[in-house]
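To keep things clear, I will list the structure first and then write my remarks on it.
Here, residue 1 is the first one in the sequence, and each next residue gets the next number.
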Amino acid sequence: MEQQIKESSNKQFNIKSLAGIIVGVTAAAIFQHFLFRTPTIDKQLMDAASELNKNCPIMADSQTRLDNAVSLPDNVLQYNYTLINLIKDSINVSDLEKSVEPSILNTVKTSPDLQAFRDNEVTMAYNYKDKNGIHLFKIIFKANQYK
């Protein structure tokens, strides 16, 4: 009888031990997932924009100044530019947009600096304003346009 009690106690102990180990391993896995997980693409975009903004404003060319970059919801990275010598009322905005769009798309498709964004199917937005800060146009490229 005493032997049966010991065996029963050992079985209960083993079941409790096993349950404790399972709970411990599960808790450790959950803790590790939240503590050491790879940053989300949204976090990576925020970090990229923040890093880029440390150097802004910066002249992209003789006519175009990159003012800043912002990370927007749904995997969007937006670059904000000023065309420093143009006034909205003095240009045909539609023609200007049509003339720069192919060049920007080519850059999005081919620039090694944008490879990580392409790999993560980031939507790339290019927002332009005139020298007085008046909005001119915004060009948006989704992954299906640059892949």
Side-chain angles (χ1 to χ4, degrees), residues 8-147:
S8 178
S9 285
N10 284 340
K11 286 181 183 179
Q12 286 178 343
F13 176 76
N14 287 339
I15 291 172
K16 287 180 182 177
S17 295
L18 182 59
I21 291 170
I22 291 170
V23 168
V25 168
T26 303
I30 291 170
F31 179 74
Q32 183 178 9
H33 171 74
F34 285 106
L35 187 62
F36 299 109
R37 68 180 172 190
T38 303
T40 64
I41 188 64
D42 285 332
K43 172 77 169 102
Q44 291 174 11
L45 290 176
M46 287 190 305
D47 291 346
S50 180
E51 194 63 32
L52 182 60
N53 289 338
K54 289 178 183 178
N55 297 313
C56 288
I58 188 168
M59 294 302 293
D61 60 40
S62 64
Q63 304 294 315
T64 313
R65 181 182 68 219
L66 174 61
D67 297 317
N68 61 37
V70 293
S71 173
L72 301 172
D74 299 321
N75 294 344
V76 177
L77 183 63
Q78 178 173 299
Y79 297 97
N80 294 309
Y81 291 98
T82 298
L83 298 174
I84 61 168
N85 295 315
L86 294 178
I87 297 173
K88 184 176 185 173
D89 294 339
S90 68
I91 60 169
N92 183 317
V93 174
S94 179
D95 286 348
L96 178 62
E97 181 179 359
K98 287 175 187 172
S99 72
V100 299
E101 187 172 353
S103 175
I104 297 170
L105 179 57
N106 185 56
T107 299
V108 171
K109 285 180 173 183
T110 63
S111 174
D113 294 334
L114 300 178
Q115 184 64 50
F117 299 136
R118 289 191 299 269
D119 292 345
N120 288 288
E121 298 186 347
V122 172
T123 297
M124 307 294 292
Y126 296 82
N127 190 48
Y128 288 84
K129 58 185 178 182
D130 74 1
K131 75 177 195 174
N132 295 320
I134 299 183
H135 176 76
L136 296 171
F137 56 88
K138 183 175 183 178
I139 301 171
I140 299 172
F141 299 110
K142 294 185 180 270
N144 63 349
Q145 293 173 281
Y146 61 72
K147 283 206 165 207

Q | Closest non-hydrogen atom pair between Leu96 and Ser99, with its separation | A | O-OG, 2.8 Å
Q.
Can you confirm whether Asp74 is buried at CG, in the sense that more than 12 heavy atoms of other residues, nucleotides or ligands lie under 6.0 Å from that atom?
A. no
Under 3.5 Å, side-chain donor or acceptor atoms of residues 52-59 against the rest of the protein: list the pairs with distances, not counting sequence neighbours.
from, atom 1, to, atom 2, distance (Å)
Asn53, OD1, Ala69, N, 2.7
Asn53, ND2, Ala49, O, 3.1
Asn53, ND2, Ala69, O, 2.9
Lys54, NZ, Glu51, OE1, 3.2

Q) Which atoms form the tightest heavy-atom contact between Lys138 and Ala125, and what is the distance? A) CE-CB, 3.9 Å
Q.
Show every ring pair (Phe, Tyr, Trp, His ring centres under 6.0 Å) that has at least one partner inside residues 69-113, sequence neighbours left out.
A. Tyr79-Tyr126, Tyr81-Tyr128
Q: Would you tell me whether Asn68 and Asn80 have side-chain atoms, one donor and one acceptor, within less than 3.5 Å of each other?
A: yes
Q | Short side-chain donor-acceptor distance under 3.5 Å, Asn75 and Thr123 | A | no
**Q.** Salt-bridge criterion met for Glu121 and Lys147 (N-O under 4.0 Å)
**A.** yes
Q: Assess the side chains of Ser103 and Asn106: does a donor N or O sit below 3.5 Å from an acceptor N or O?
A: no
Q | Contact check, side chains of Val108 and Met124, non-hydrogen atoms, under 4.5 Å | A | yes
Q: Test Asn127 against His135 for side-chain contact (heavy atoms from CB on, under 4.5 Å), laying out the working first.
A: CA-CA 8 Å; Asn127 190 48; His135 176 76; 3.0 Å; yes
Q. Does the side-chain contact (heavy atoms from CB on, under 4.5 Å) test come out yes or no for Glu97 and Leu136, once each step is laid out?
A. CA-CA 9 Å; Glu97 181 179 359; Leu136 296 171; over 6 Å; no
Q: Show your reasoning for whether side-chain contact (heavy atoms from CB on, under 4.5 Å) applies to Val70 and Gln78.
A: CA-CA 5 Å; Val70 293; Gln78 178 173 299; 3.8 Å; yes
Q.
I'd like to check Phe141 versus Glu101 (side-chain heavy atoms, cut-off strictly below 4.5 Å). Are they in contact?
A. yes
Q: Let me see the working for Asp61 and Thr64 under side-chain contact (heavy atoms from CB on, under 4.5 Å), right down to the final yes or no.
A: CA-CA 5 Å; Asp61 60 40; Thr64 313; 3.0 Å; yes
**Q.** Shortest non-hydrogen contact between Arg118 and Thr107, atoms and distance
**A.** NH1-O, 4.3 Å
